[in-house]
Protein chains: 2
Amino acid sequence: MPNRPDQGTSAADSEDTSAGGGPLNIGLLCFIVQRSMEDRVLADLAAAGFDDITVAQARVLARVGAKGTRLTDLAEQARVTKQTATFMVDQLERAGYVSRLPDPVDARARLVTFADRGLAAREVARRTEVVVQEEWTRHLGRRATVRLHQLLTQLREITDPYQ
Amino acid sequence: MPNRPDQGTSAADSEDTSAGGGPLNIGLLCFIVQRSMEDRVLADLAAAGFDDITVAQARVLARVGAKGTRLTDLAEQARVTKQTATFMVDQLERAGYVSRLPDPVDARARLVTFADRGLAAREVARRTEVVVQEEWTRHLGRRATVRLHQLLTQLREITDPYQ
DNA sequence: CTAGAATGGTTCGAAAATCTGACTACTGTC
DNA sequence: GACAGTAGTCAGATTTTCGAACCATTCTAG
């Protein structure tokens, strides 16, 4: 296993300031948590046969709503440009995860919606999310997890430029 | 301003399941928060004259410790391969942000350390981090912010493969 | 109702980021 | 001192991302 973004085999040598032993800032902590969930979901997807699909694609796919989502909205929520989103949706469409349907209320727009393969993948992803959240709940405790979720949601009010 | 990862101008149309109106999972919430901090720091860096330096570079730079950090450690913490980290450090070095010094205790290794420009940038970044955290604290309240930090730190215990 | 501004999306081309594979140099072990 | 493992780099290819330019449709002000 010579490559792959290394999954920390090394012993934690306690550094200091910037990054290291000290308390990390909330942004950095969120990075760690977010990345962990992402990795888990992606790994389970791959294991379930959805082994095409990259992180970048998944980040867009994860934001497709049940009734379909506009490309612009996908771009905003995934924090990429429309061009990037277009490119990702192209790939996802070619791979059978999503379809582009005309938006009934706006002829300029098209709704990105789940195709069969996308629905199947979403199911796997959801299951993993549940499993992981349960692990986290086991570690933190029920009430603490609820509190964490609530605090993050509250923080979202001022950190999410979209909504 | 025709491009740039769009900063949510649109009205939040309440979607449903997957991504949308419903409560987001903790991973996704963390993404939003993390990304917000990152954007703020990067914007302030650019405003302060550190306008070369990309997100990817910053993610590596942010993990350089005061006493220097090995490339492998940088890679693990930033969750990229050693090759990618090498590439980033190359650029950061060329731009004067870091230096590579021989590791006194291991001749194979080299310590990535802050150069003058890197120290200056770090100062700006830190200041922004403080400002942003204060904003967050104003929004959440002192105790809640402390609690959030504590919960995330606790969650890190099981989500951070490195340490 | 229509001209002009704004919005949703795409195409093109280039730059940036990331990965796999293969390799060198040094460490540590037995 | 051979050998397995670790630190880092080089080379090449692929993927991701962005900026600019553009078309079609919608919205808005007169």
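Bear in mind that the values here come from a model prediction, so they are computed numbers and not experimental data. Note on naming: letters A, B, ... go to the chains in the order of the sequence lines (proteins, then strands), and numbering restarts at 1 for each one.
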Would you kindly give the [atom1]-to-[atom2] distance between [X] and [N], to the nearest whole Å?
| X | N | atom1 | atom2 | answer |
| --- | --- | --- | --- | --- |
| L111(A) | dT7(C) | CG | P | 19 Å |
| R94(B) | dA16(C) | CZ | P | 11 Å |
| M88(B) | dT16(D) | CE | C1' | 12 Å |
| Q57(B) | dT17(D) | CD | P | 16 Å |
| Q91(A) | dT10(C) | CD | P | 14 Å |
| L74(A) | dT7(C) | CG | P | 18 Å |
| I53(B) | dA16(C) | CD1 | C1' | 14 Å |
| D51(A) | dC19(C) | CG | P | 18 Å |

Can you find a side chain N or O atom of [X] that sits less than 4.0 Å from OP1 or OP2 on [N]?
| X | N | result |
| --- | --- | --- |
| T84(A) | dC18(D) | yes |
| T54(A) | dT16(D) | yes |
| T81(A) | dC18(D) | yes |

Closest to the [X] side chain, choosing from [options]:
| X | options | value |
| --- | --- | --- |
| T72(A) | dT16(D), dG8(C), dA17(C) | dG8(C) |
| R110(B) | dA17(C), dT9(D), dG9(C) | dT9(D) |
| T86(B) | dT10(C), dC26(C), dT9(D) | dT9(D) |

Open item on the list: Taking the nucleotide of DNA chain D with the nearest heavy atom to each, does A107(A) or R59(A) sit closer to the 5' end?
Closed with: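 Residue closer to the 5' terminus by nearest nucleotide: R59(A).
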Open item on the list: Heavy-atom nearest nucleotide on DNA chain D for F87(A) versus V105(A): which residue maps closer to 5'?
Closed with: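 By nearest-heavy-atom nucleotide position, the 5'-most residue is F87(A).
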Task: salt bridge (charged side-chain N to carboxylate O under 4.0 Å, His left out) evaluation trace for R117(A) with D52(A) - done: CA-CA 11 Å; R117(A) 190 165 170 76; D52(A) 53 346; 3.1 Å; yes
- [ ] Report yes if a donor N or O on one partner sits less than 3.5 Å from an acceptor N or O on the other, where the partners are the side chain of Q83(A) and the base of dG19(D); otherwise report no.
- [x]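 Flag set: donor-acceptor pair detected.
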Task: Pair of N/O donor and acceptor under 3.5 Å linking dT27(C) base with R108(B) side chain - done: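 A donor-acceptor contact between them is absent.
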Task: Charged tip of R63(A) within 45° of F114(A) ring normal and under 6.0 Å - done: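 No cation-pi geometry.
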Open item on the list: Please report the interatomic distance CG(D39(B)) to CG(D44(B)), rounded to the nearest 0.5 Å.
Closed with: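 D39(B) CG to D44(B) CG: 11.0 Å, rounded to 0.5 Å.
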Open item on the list: Nearest 0.5 Å, please: how far is SG in C30(B) from CG in N25(B)?
Closed with: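 If we round to the nearest 0.5 Å, N25(B):CG and C30(B):SG are 9.0 Å apart.
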Task: Same apolar cluster: L42(A) and V131(A), side chain cutoff 4.5 Å - done: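 Cluster IDs for L42(A) and V131(A) differ.
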Open item on the list: By nearest heavy atom, map D90(A) and A109(A) onto DNA chain C; which one lands nearer the 5' end?
Closed with: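 First, find each residue's nearest nucleotide; the 5'-ward one identifies A109(A).
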Open item on the list: Walk me through whether R35(B) and E38(B) qualify under salt bridge (charged side-chain N to carboxylate O under 4.0 Å, His left out).
Closed with: CA-CA 5 Å; R35(B) 194 60 197 265; E38(B) 200 168 66; 3.7 Å; yes
Open item on the list: For a quick check of understanding: with a heavy-atom distance under 4.0 Å over all strands, which category does R100(B) fall into, base, sugar-phosphate or nothing?
Closed with: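 If one applies the 4.0 Å heavy-atom cut-off, R100(B) turns out to touch the sugar-phosphate alone, with no base involved.
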- [ ] Select base, sugar-phosphate, or nothing to describe what D106(A) touches, counting heavy atoms under 4.0 Å on all strands.
- [x]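 Contact class for D106(A): sugar-phosphate only.
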